[in-house]
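Keep in mind it's a predicted model, so treat the numbers as computed, not measured.
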Amino acid sequence: MINQVHELYKKYEEVISYLFFGVLATIVNIAVFYLFDTVLDVPYLYANAISIVAAILFAFVTNKLYVFKSQSASKGEAFKEFYLFVGFRLLSGVFDMLSMFILVDFLTINTNVSKIITQFIVVVVNYVFSKWFIFKQKEG
């Protein structure tokens with residue numbers, strides 16, 4: 001039984017790690033948003049932008065080191081990963097901002113509830129970007 005669990009974990013280690021650190025990045029995103037939006041009373045779109053940046057930085061480090069275990073051969077390669085990661089995360093950040101605007105201003109859903117709704121979709125989109133475009137495994 002323990003062997004089977006270990007084999008399953010090894011088979012799905014990347015997805016499990018991504019989900020674990022994705023949840024943590026989402027918590028960072030939501031917590032920073034809550035701090036700026038609710039506690040500090042910063043306008044919600046500014047609070048959202050700040051929370052996206054915090055989550056991007058947290059997610060880059062954890063995705064590179066723990067999820068995809070990417071080993072950069074040079075500073076140039078590491079910069080390329082960072083550039084691609086930030087670029088694709090900014091694309092999902094645009095979706096995040098638009099979703100927040102629609103949910104809050106048009107559907108009049110509470111800002112914190114809107115943030116949580118938006119994050120479910122963003123996590124999936126970010127996994128696809130990371131897996132297929134940023135931290136691609138080298139052949140060989």
Side-chain angles (χ1 to χ4, degrees):
M1 174 72 168
I2 292 175
N3 250 0
Q4 291 170 327
V5 171
H6 181 71
E7 287 177 32
L8 273 175
Y9 174 76
K10 278 300 190 195
K11 183 176 181 179
Y12 297 106
E13 178 180 7
E14 184 178 280
V15 173
I16 292 166
S17 295
Y18 181 81
L19 290 173
F20 176 76
F21 288 108
V23 166
L24 291 180
T26 301
I27 290 169
V28 166
N29 196 325
I30 291 169
V32 170
F33 177 77
Y34 179 82
L35 172 68
F36 282 90
D37 175 65
T38 305
V39 176
L40 300 176
D41 202 28
V42 171
Y44 82 92
L45 287 175
Y46 292 119
N48 197 45
I50 294 165
S51 71
I52 289 169
V53 170
I56 287 172
L57 294 174
F58 177 84
F60 176 74
V61 171
T62 57
N63 275 250
K64 179 172 179 50
L65 298 177
Y66 304 113
V67 177
F68 299 105
K69 297 177 179 142
S70 176
Q71 305 263 333
S72 303
S74 67
K75 287 181 184 178
E77 188 178 301
F79 179 76
K80 180 181 177 188
E81 284 179 342
F82 181 75
Y83 175 83
L84 287 171
F85 188 87
V86 170
F88 280 111
R89 290 292 169 111
L90 288 177
L91 278 176
S92 66
V94 168
F95 167 80
D96 190 323
M97 295 294 284
L98 287 172
S99 296
M100 289 293 292
F101 179 70
I102 291 167
L103 292 170
V104 173
D105 287 351
F106 290 103
L107 300 177
T108 63
I109 298 174
N110 172 278
T111 56
N112 292 299
V113 173
S114 296
K115 184 66 176 171
I116 292 168
I117 292 169
T118 300
Q119 291 314 293
F120 282 107
I121 300 165
V122 167
V123 166
V124 174
V125 169
N126 286 337
Y127 176 78
V128 171
F129 287 160
S130 292
K131 173 74 176 167
W132 297 107
F133 299 108
I134 301 163
F135 301 112
K136 297 183 289 191
Q137 298 298 319
K138 280 58 168 189
E139 298 294 323

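Qualifying ring-ring contact (aromatic ring centres under 6.0 Å, His included) partners for Phe21, counting only residues two or more places apart in sequence or in other chains: Tyr66. For Val53, the side chain to side chain contact (heavy atoms under 4.5 Å, CB included) partners two or more places apart in sequence, or in a different chain, are Leu57. In this structure, the side chain to side chain contact (heavy atoms under 4.5 Å, CB included) partners of Asn112, at least two apart in sequence or on a different chain, are Phe33, Tyr34, Asp37, Thr38, Asn110. Checked against side chain to side chain contact (heavy atoms under 4.5 Å, CB included), Ile50 has the following partners two or more places apart in sequence or in another chain: Val32, Phe36. Every residue two or more places apart in sequence or in another chain was checked for a ring-ring contact (aromatic ring centres under 6.0 Å, His included) with Phe95, and none qualifies. For Ser51, the side chain to side chain donor-acceptor pair (under 3.5 Å) criterion is met by Asn29, Lys115, not counting sequence neighbours. Residues forming a side chain to side chain donor-acceptor pair (under 3.5 Å) with Thr62 (at least two apart in sequence, or on another chain): none. Listed by chain and number, the residues in a side chain to side chain contact (heavy atoms under 4.5 Å, CB included) with Phe20 are Leu24 (sequence neighbours excluded).
Looking only at side-chain heavy atoms (C-beta outward), Asn63 and Arg89 come within less than 4.5 Å of each other.
In the hydrophobic clustering (ILVMFWY side chains linked at under 4.5 Å, chained through shared members), Val94 is joined by Leu98.
Separation of atoms CZ (Phe85) and CZ (Phe79) is listed at 14.5 Å; rounding is to 0.5 Å. Note that the CD1 atom of Ile56 and the OG atom of Ser92 stand 6.5 Å from one another [nearest 0.5 Å]. Taking CD of Gln119 as the start and OG1 of Thr26 as the end, the distance is 5.5 Å to the nearest 0.5 Å. In this structure, CG on Leu90 lies 11.0 Å from CG on Asp96, to the nearest 0.5 angstrom. Taken to the nearest 0.5 Å, the CD1 atom of Ile117 stands 5.5 Å off from the CG atom of Leu103. Remark: Met97 CE to Thr118 OG1 distance equals 11.0 Å, nearest 0.5 Å.
Pairs passing the salt bridge (charged side-chain N to carboxylate O under 4.0 Å, His left out) check and including a residue from residues 49-62, sequence neighbours excluded, do not occur. Residue pairs meeting the salt bridge (charged side-chain N to carboxylate O under 4.0 Å, His left out) criterion with at least one member in residues 98-108: none, sequence neighbours excluded. For residues 98-125, every residue pair satisfying the ring-ring contact (aromatic ring centres under 6.0 Å, His included) rule, not counting sequence neighbours, is listed here: Phe101-Phe106.
In the hydrophobic cluster analysis, where Ile, Leu, Val, Met, Phe, Trp and Tyr join through side-chain heavy atoms closer than 4.5 angstrom, Val125 is grouped apart from Ile116. A continuous path of Ile, Leu, Val, Met, Phe, Trp and Tyr side chains, each step under 4.5 Å between heavy atoms, connects Phe58 with Val61, placing both in one hydrophobic cluster. Under the 4.5 Å side-chain heavy-atom criterion for ILVMFWY residues, no single connected hydrophobic cluster contains both Val42 and Ile30.
Across every non-hydrogen atom of Ser114 and Val104, the tightest pair is OG-CG2, 3.6 Å. Between Ala25 and Ala59 the shortest heavy-atom distance is CB-CB, 4.2 Å.
A donor-acceptor pair under 3.5 Å is absent between the side-chain atoms of Ser17 and the main chain of Glu14, judged by distance alone.
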